[in-house]
Structure formats: structure tokens, C-alpha cells
Amino acid sequence: MAEQKEADASQQHQEDGGIKRHEDTGEEAPAGVVQAAEQSEAAADSDTKPSTTTSDRHISIQTTLEGLEMLVDLNGAGRKSCPLCPEEKFKACYSHKLRRHLQNLHWKVYVESKGSRMCICHLPCRNLKPSLSGDQVSGRHMAHYHCVVCSVTIARKTDMVSHLKRHINKGETEASYSGSSDVQFEEPTPSGQAYEILKELGTNVQLLPNHTTPQKSDTYFNRKMKTNRQLVFCSIAVLAEERNPLECLDAFGATGIMGLQWAKHLRNSVRVTITDISDICVKMIKENCELNNIRVDGGSRGPRAPEKAGSESETAPIATLEVAKMDANVIMHLRPFDYIHLDPFGTAVNYLDAAFRNVRNLGIISVTSTDTSSLYAKSPNVTLRHYGCHIVRTEYYKELAARMVVASVARAAARCNKGIEVLLAVALEHFVLVVVRVLRGPTQADESAKKLRKLVHCQWCEERVFLKLGNMVDDTLPCNCHGSLPGKTAVQLGPLWSGPLFNTGFLRRMLSAAVQHSMDDIQPLVKTLICESECTTLKSLVHGSSALTNQVECGVVIKTLQSGEDGGPADQSGKRKSGEESGNVVKKLKPDVSLEHPPFYYSIHRHSIRGMNMPKLNKFLQYLTEAGFRVSRTHFDPTGVRTNATLQQFKSVLTKYSVPTCTNAGASAQMSFSVRVSLNDLSGGGGGGACCLLLLLSADPRSQFAPED
């Protein structure tokens with residue numbers, strides 16, 4: 001055996017040497033030598049790159065049961081062997097028994113991928129484990145599955161599922177290999193079938209097949225985040241009315257869909273910069289810019305998309321943006337921006353310090369957090385590590401998550417001597433969006449830091465109140481659970497943001513921008529946010545320019561569309577007023593500050609009374625308003641009610657307008673029926689049961705069996 005290997009090696013060395021010798025001399029190599037070299041290279045390529053065409057698939061990979069049964073002639077007479085089992089495992093049998101075997105074993109035990117079933121195989125396809133002496137161990141072969149992509153054999157079903165997921169995350173699918181096996185998928189061409197074109201808000205983007213897999217895909221795209229993208233677009237459209245042009249940054253571009261929407265719809269009002277650390281993402285962003293007829297500034301243009309016509313490609317670009325391959329922290333340290341959007345995978349706390357480093361005064365920072373497991377109290381240790389907060393699962397966990405993100409943003413701003421004014425805080429099923437306005441100065445930073453407080457939460461009745469300085473925990477909660485129940489009933493959560501989560505003026509302008517750009521999907525949500533910010537149930541919202549007036553945000557007069565027509569160019573900067581005008585603004589704010597925005601909300605289902613039918617939610621809101629409380633619905637919970645009433649007052653109004661489940665007539669009929677049954681049962685018994693029944697009936701004055709005086 002060793003002599004044979006040495007002979008093969010010497011022959012291969014001679015062939016290689018002959019080819020090299022002929023290349024040096026410029027002569028043509030003999031046909032036999034060239035053919036042998038080509039065969040060896042083809043064999044090496046076949047070992048490294050397994051073929052996955054339909055003809056090379058293993059027989060255990062089938063799409064239908066008929067295809068599996070066609071592997072053997074079941075209509076013929078005589079005994080037949082299973083095509084996927086050796087003779088020692090399944091002996092030859094007749095057709096009806098073999099058909100049952102194929103249906104009940106091989107067709108039912110499978111791993112599915114792209115419509116194909118990788119049925120379990122018992123053939124000796126896998127090499128047996130060698131013993132210590134180097135010989136293979138004799139024994140039965142292990143059952144396994146054949147991969148539909150790379151033809152590898154894997155024994156465990158769970159391992160095969162994980163193996164297929166790795167193929168999908170890398171973009172390695174059957175279609176990408178069988179159609180063009182010589183083109184690497186890492187650098188796909190627009191003419192291939194690897195891209196999927198999606199259109200959102202008039203913007204086209206190209207997506208890779210693995211765009212739905214987070215962390216594993218470079219160009220991740222989530223269709224469920226459409227609401228988040230539209231809310232961010234409306235906020236940047238509002239800021240574009242205050243200053244022009246607007247320096248905007250999309251720090252995590254991925255496909256570039258968000259920055260492309262800004263540039264395509266706002267045109268010259270914004271100067272968009274899209275950054276990403278991945279080369280594949282930067283390349284795809286440039287291709288998407290070409291697809292939307294947007295010029296890339298400061299870099300080479302991406303390849304042209306095949307869908308563009310000749311006349312369309314000759315037209316001038318509708319907008320210009322900048323695409324940079326750079327880390328988000330680096331570019332935020334290097335350049336100042338008016339608007340910064342942070343949307344990393346998971347938490348954004350690692351990028352807040354850099355974001356507040358160079359953001360301009362009265363600029364806006366929007367933060368999207370998708371780490372819902374830590375925000376919604378499913379991983380308390382991760383919450384403590386990332387946000388420095390202690391939380392538990394409550395009925396108002398979504399607003400708790402929003403206030404926790406705002407608290408981390410406020411701490412990062414205070415470290416840079418800046419304060420914040422919360423304009424918008426939205427917490428939906430899969431993300432938490434926070435939009436804040438940046439106010440420079442240590443005074444503003446101190447005011448924001450004072451709004452970070454601990455929250456006292458009763459674990460029994462879920463009453464909650466922010467802890468003020470110098471107050472004890474037991475004296476803060478209005479409920480009496482601590483005195484009536486043994487043990488510790490209250491816990492401290494936070495620190496959290498205790499200020500308001502919405503700005504009514506900003507939200508009204510966002511609604512106007514949503515109507516202007518035909519964003520019908522988020523208009524109901526923005527209307528709910530406006531009612532929640534005002535803590536009112538009024539639904540009459542005017543979209544016209546007559547309803548827009550000067551909005552005051554944290555002592556700053558922000559010019560809107562109506563006032564911008566009358567004001568000069570100096571008023572469009574959106575800067576803070578000085579002197580007497582600034583003092584007048586503060587005086588106007590004093591009455592509004594006294595009406596603090598009610599923190600948190602109560603769920604009407606959580607506090608409903610057993611055996612009572614509670615009123616409809618809209619009716620209940622009307623009852624609370626008639627009782628003198630401020631009340632509104634909340635987007636955090638469809639059954640939640642935001643009000644300034646305490647939990648005891650909330651329950652008293654709910655109890656007052658709740659009716660029993662069964663009426664008095666039904667109750668009396670049920671009582672008479674139960675009495676008849678009891679009398680029949682007691683007719684053969686002693687007098688003790690009858691005396692007890694007489695006492696029970698006498699105790700209830702509403703009973704028709706009660707004795708007269």
C-alpha cells in the first residue's frame with residue numbers, strides 16, 4: 001500500500017514538472033499530460049465543492065411520496081428490498097408491506113427544506129468509527145440524513161436543522177448553487193436571481209435571501225419595523241421645517257432603506273449620511289441608490305440595476321446622499337449632526353455617549369431598542385447590566401421599558417453637559433422608539449437629571465408612585481397593603497424617567513407631516529399619541545394649516561408652517577429666544593407645568609371585579625371624566641386607561657358602574673331551585689340539616705322562604 005502511494009506521488013510530480021517545463025520553454029504540452037492534470041484538478045474541485053444539482057441528489061431527498069415509491073417497482077411480483085435500508089435491517093418483502101414501510105418510516109421521519117424532504121436513510125453512506133487499532137468497527141450503520149445543499153450526512157435531526165440554518169444565513173440555497181455554481185454568492189450580480197426587490201413608501205430596495213435573519217445577515221431588513229421607519233421619517237420632516245439644510249445620520253444603514261426615504265422625499269431639505277461597518281452593506285446601499293436614481297456623493301457609484309430603462313438612466317438624480325464605511329461611534333465623534341438615528345441590533349446604550357458628543361443644539365436623537373427580553377423584564381440581569389435598572393414584570397411593563405430607555409438617554413446626555421426634552425416614546429410589540437430634543441448647557445442637564453427617580457411598586461395591588469426625596473417607602477404608596485398583609489409588599493424599581501413622554505406640539509406637526517406624505521398606516525397611532533399626551537378623549541383633530549400655531553417646547557418657541565410664512569429668516573433657525581421674550585415664554589409655561597402628565601396607566605381587565613360585568617371602555621372613560629379626573633387611552637395597552645386618579649379611586653368608579661353577572665330574577669330562581677333540592681335531600685335526614693337551612697334562609701331577607709316577623 002505504501003509503495004503504491006509513493007508511485008502515485010512520483011507520477012503526479014512528473015506530470016506537474018512536465019507541464020511546468022513546457023510552459024517555460026513555450027512548447028505545447030503533450031495531450032496525455034494535460035488531460036491527466038485537468039482530471040486531477042476536476043477531482044480536487046469536486047471534493048471541495050459538492051454538486052447539488054437534481055441529478056446528483058441522493059435518493060433519500062424527495063418532494064413527493066410518489067417519487068419515493070418510484071425508487072422500487074411496487075407493481076411487480078415477488079419480494080423486493082427497501083431502497084433506503086440494507087438487507088440486514090429490512091429483509092425483502094412483498095409490495096404491500098414495503099409500501100407501508102416507506103410511508104410509515106422514511107416518509108414520516110424527515111427534515112424539510114424548500115419543499116423537499118430529506119428522508120431518513122439507513123444505507124452505509126457514513127464511514128464507521130475506527131477502533132484504536134485503526135480498523136473499522138463492525139456493526140450496524142447509523143441512521144442519518146443527506147443535506148439538500150452540500151450532500152453531507154448528519155445523524156441527528158436537530159443537527160441537520162441547525163446545519164440548514166447555517167446554509168440559509170450564508171445565502172447558500174439550492175437555487176443559488178444549481179443555477180450558477182461558478183459565481184460566489186458573497187458578491188452577487190444584479191442580473192442573478194439572488195435579489196428580492198421590495199418597495200416601501202415609494203422607495204425600492206434590493207434584499208438578500210437571508211435578510212430576515214438578524215445577526216447572521218449583513219443586510220438585515222425587518223418588514224415589521226415599517227411603523228418605526230415612518231415615525232422616524234415624520235420626526236425628521238418636522239425638524240426639516242425648523243432648519244434647512246438638515247444634517248442627518250443613519251448610523252446603521254443595512255439596506256439603506258431609511259436614509260433613502262429621507263433623501264427621496266425631503267430632497268434638498270436634508271443632507272443624508274448613511275454608514276455601516278460591513279462591506280456588503282455599503283455595496284448594497286450604493287446599488288439601492290442607483291435603483292432609486294439617487295447620486296452617491298464622495299464615492300464611486302454602484303453598478304446599474306437592469307430594471308432601469310435607457311431614458312430613465314440618463315435623467316438627473318433626484319437627490320444626493322453620502323455613503324461611508326465607518327463605525328457609528330467614529331463618525332459621530334468626527335462630525336456634528338442635526339438629526340441622529342440609532343437602530344442597532346439589540347440595545348443602543350453603547351452608542352449614546354458618541355451620539356451626544358457632537359449633536360447640535362436643539363437637534364434630535366431618535367433611539368430604537370429591540371432588546372425586548374431585557375426591556376420587558378424577561379432577563380432582569382441583562383437589564384441591570386445594560387440600563388442599570390432593577391425592574392419586575394408589571395401590568396404597565398411597556399411604559400416601564402420606555403421610561404427606562406429615556407433614563408439611559410438622559411444619563412448619557414448629562415455626561416456631556418446636555419439636557420433632553422422627550423418628544424415621543426413608543427413601545428410596541430417588537431421595539432421601543434424614543435425621540436428626544438437636545439438642549440445644551442449644564443442647567444438643562446441638571447433639570448433632566450432631577451427627573452430620574454425611583455419608582456415604588458406594590459406587588460399585591462400594583463399601585464405605583466414615583467419616590468420623592470426624603471420620603472419613606474411605606475408612607476409613599478396610597479394603598480394600605482403594607483399594613484393589612486404580612487411581609488414586604490412594595491419594591492423599588494428604577495431609576496426611571498419621571499417626566500412626560502410626549503410633546504403635544506411636536507406630535508401635531510408629525511400628524512401634519514404624515515398627512516402630507518400619505519402615511520395612512522401611522523395616522524391612527526399618532527392621533528392616539530396626541531390624545532394621550534393631552535390626557536383627553538377628544539378625537540377632533542384638524543389637519544389643515546389653520547390648526548398649526550407656534551408650539552412651545554421646553555421654553556423654546558418652534559416656528560411652524562403658518563408662523564414661518566410671516567416670520568423672517570432669523571425665526572426659521574429654531575433657536576431659543578432671549579431677553580424678555582424668553583421670560584414671557586417661561587411665564588406661559590407655568591400653568592401647563594402645574595398640570596403634570598399622569599405617569600403610567602391601569603388595565604381595566606386587570607382590576608375588574610369577579611362576578612361583575614364591567615362597562616365598555618369608552619363608557620368607562622366618560623364616567624371617569626364625569627368624576628373629575630383627567631383620562632385618556634394609551635397606545636401601550638389597548639385595555640389601558642391613563643388617568644390622574646389613584647388605584648383606589650379607579651376601582652371605586654369601576655365598581656360603581658359594574659353590574660352583577662346574573663340578574664335578581666335569575667338569582668331568585670336559582671335560589672328556589674337549590675332550596676327544593678336541599679329539602680328533598682333533607683326529607684330523609686335528621687333535623688340538624690333542616691335547622692341549618694332555616695338559619696341560612698332567615699339570614700337572607702331577600703329570600704321568599706324567609707319567615708315573617
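Side chains are part of it too, since the values below use all heavy atoms of this structure and drop only hydrogens, waters and symmetry mates. Here the structure is a predicted model, which means the values were calculated and not measured.
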Is there a donor-acceptor contact under 3.5 Å from the side chain of T275 to the main chain of A251? yes
Tell me if a side-chain donor or acceptor on H430 pairs with a main-chain N or O of K224 at a distance below 3.5 Å. yes
Are K451 and E447 ion-paired here, with the side-chain N under 4.0 Å from a carboxylate O? no
Just checking, is any N or O donor in the side chain of H341 or S366 under 3.5 Å from an acceptor N or O on the other one? yes
Does a salt bridge link K325 with D279, judged by any charged N lying under 4.0 Å from a carboxylate O? yes
Which residues share a side chain to side chain contact (heavy atoms under 4.5 Å, CB included) with F252, sequence neighbours left out: A328, L342, P344, Y351
Stepwise, does the side-chain hydrogen bond (donor to acceptor under 3.5 Å, both in side chains) test hold for T639 with D637? CA-CA 5 Å; T639 63; D637 188 358; 3.3 Å; yes
Do R335 and E322 sit within salt-bridge range, that is, some charged N less than 4.0 Å from a carboxylate O? yes
Working for side-chain hydrogen bond (donor to acceptor under 3.5 Å, both in side chains), residues D371 and Y387: CA-CA 11 Å; D371 54 334; Y387 299 96; 2.9 Å; yes
Heavy-atom closest pair (V296 atom, C289 atom, distance to 0.1 Å) is CG2-CB, 3.7 Å
Do the side chains of E532 and R642 get close enough for a salt bridge, i.e. N-O under 4.0 angstrom? yes
Within this structure, what is the CG-CH2 distance for the pair L246 and W262, rounded to the nearest 0.5 Å? 9.5 Å
Return yes when atom CG of N417 has more than 12 non-hydrogen atoms of other residues, nucleotides or ligands closer than 6.0 Å, and no otherwise. yes
So if I apply the side-chain contact (heavy atoms from CB on, under 4.5 Å) rule between V436 and each of L424, V367, V422, which one comes out positive? V422
Looking at side-chain heavy atoms only, is the closest gap between Q230 and D521 below 4.5 Å? yes
Roughly how far, to the nearest 0.5 Å, is the CG atom of L433 from the CG atom of L428? 8.5 Å
Is any side-chain N of the basic residue among E399 and R403 closer than 4.0 Å to the acidic one's carboxylate O? yes
Within a strict 4.5 Å, meaning less than it, do heavy atoms of the F356 and D353 side chains meet? no
Any donor-acceptor pair under 3.5 Å linking the side chain of N292 with the backbone of T203? no
Evaluate the ring planes of Y601 and F636, with Trp represented by its six-membered ring, and classify them as parallel (under 30°), tilted (30 to 60°) or perpendicular (over 60°). parallel
Partner set under side chain to side chain contact (heavy atoms under 4.5 Å, CB included) for D327, not counting sequence neighbours: I277, N329, V330
Exercise: identify the closest heavy-atom pair between G253 and I274: CA-CG2, 3.6 Å
Roughly how far, to the nearest 0.5 Å, is the CG atom of L239 from the CG atom of L266? 10.5 Å
For the residue pair L525 and T227, establish whether any side-chain heavy-atom pair is separated by less than 4.5 Å. yes
Charged N to carboxylate O under 4.0 angstrom, E200 versus R223? no
For R453, the side chain to side chain contact (heavy atoms under 4.5 Å, CB included) test, sequence neighbours excluded, returns F466, K468, S498
Before giving the answer on side-chain hydrogen bond (donor to acceptor under 3.5 Å, both in side chains), spell out for T504 and S533 the whole-Å C-alpha distance, their side-chain angles and the decisive distance to 0.1 Å. CA-CA 6 Å; T504 307; S533 64; 3.1 Å; yes
With sequence neighbours left out, write down each residue that passes side-chain hydrogen bond (donor to acceptor under 3.5 Å, both in side chains) with D338, or none if nothing qualifies. R243, R360
Min side-chain heavy-atom separation T273-L321 under 4.5 Å: no
Can you see which heavy atom on Q523 is nearest to which on M519, and at what distance? CG-O, 3.1 Å
Salt bridge present between R437 and E421 (N-O < 4.0 angstrom): no
Can you list everything that forms a salt bridge (Lys or Arg N to Asp or Glu O under 4.0 Å) with K378? Sequence neighbours excluded, please. none
P495 and R411 have their tightest heavy-atom pair at CG-NH1, 4.0 Å
For K264 and G202, the nearest pair of non-hydrogen atoms, with its separation, is NZ-O, 2.5 Å
Applying side-chain hydrogen bond (donor to acceptor under 3.5 Å, both in side chains) to T320 and D297, what does each step give before you reach the verdict? CA-CA 6 Å; T320 303; D297 189 15; over 6 Å; no
Going by side-chain hydrogen bond (donor to acceptor under 3.5 Å, both in side chains), name the residues that satisfy it together with H386, two or more places apart in sequence or in a different chain. none
Nearest heavy atoms of L452 and A410, plus distance in Å: CD2-CB, 4.2 Å
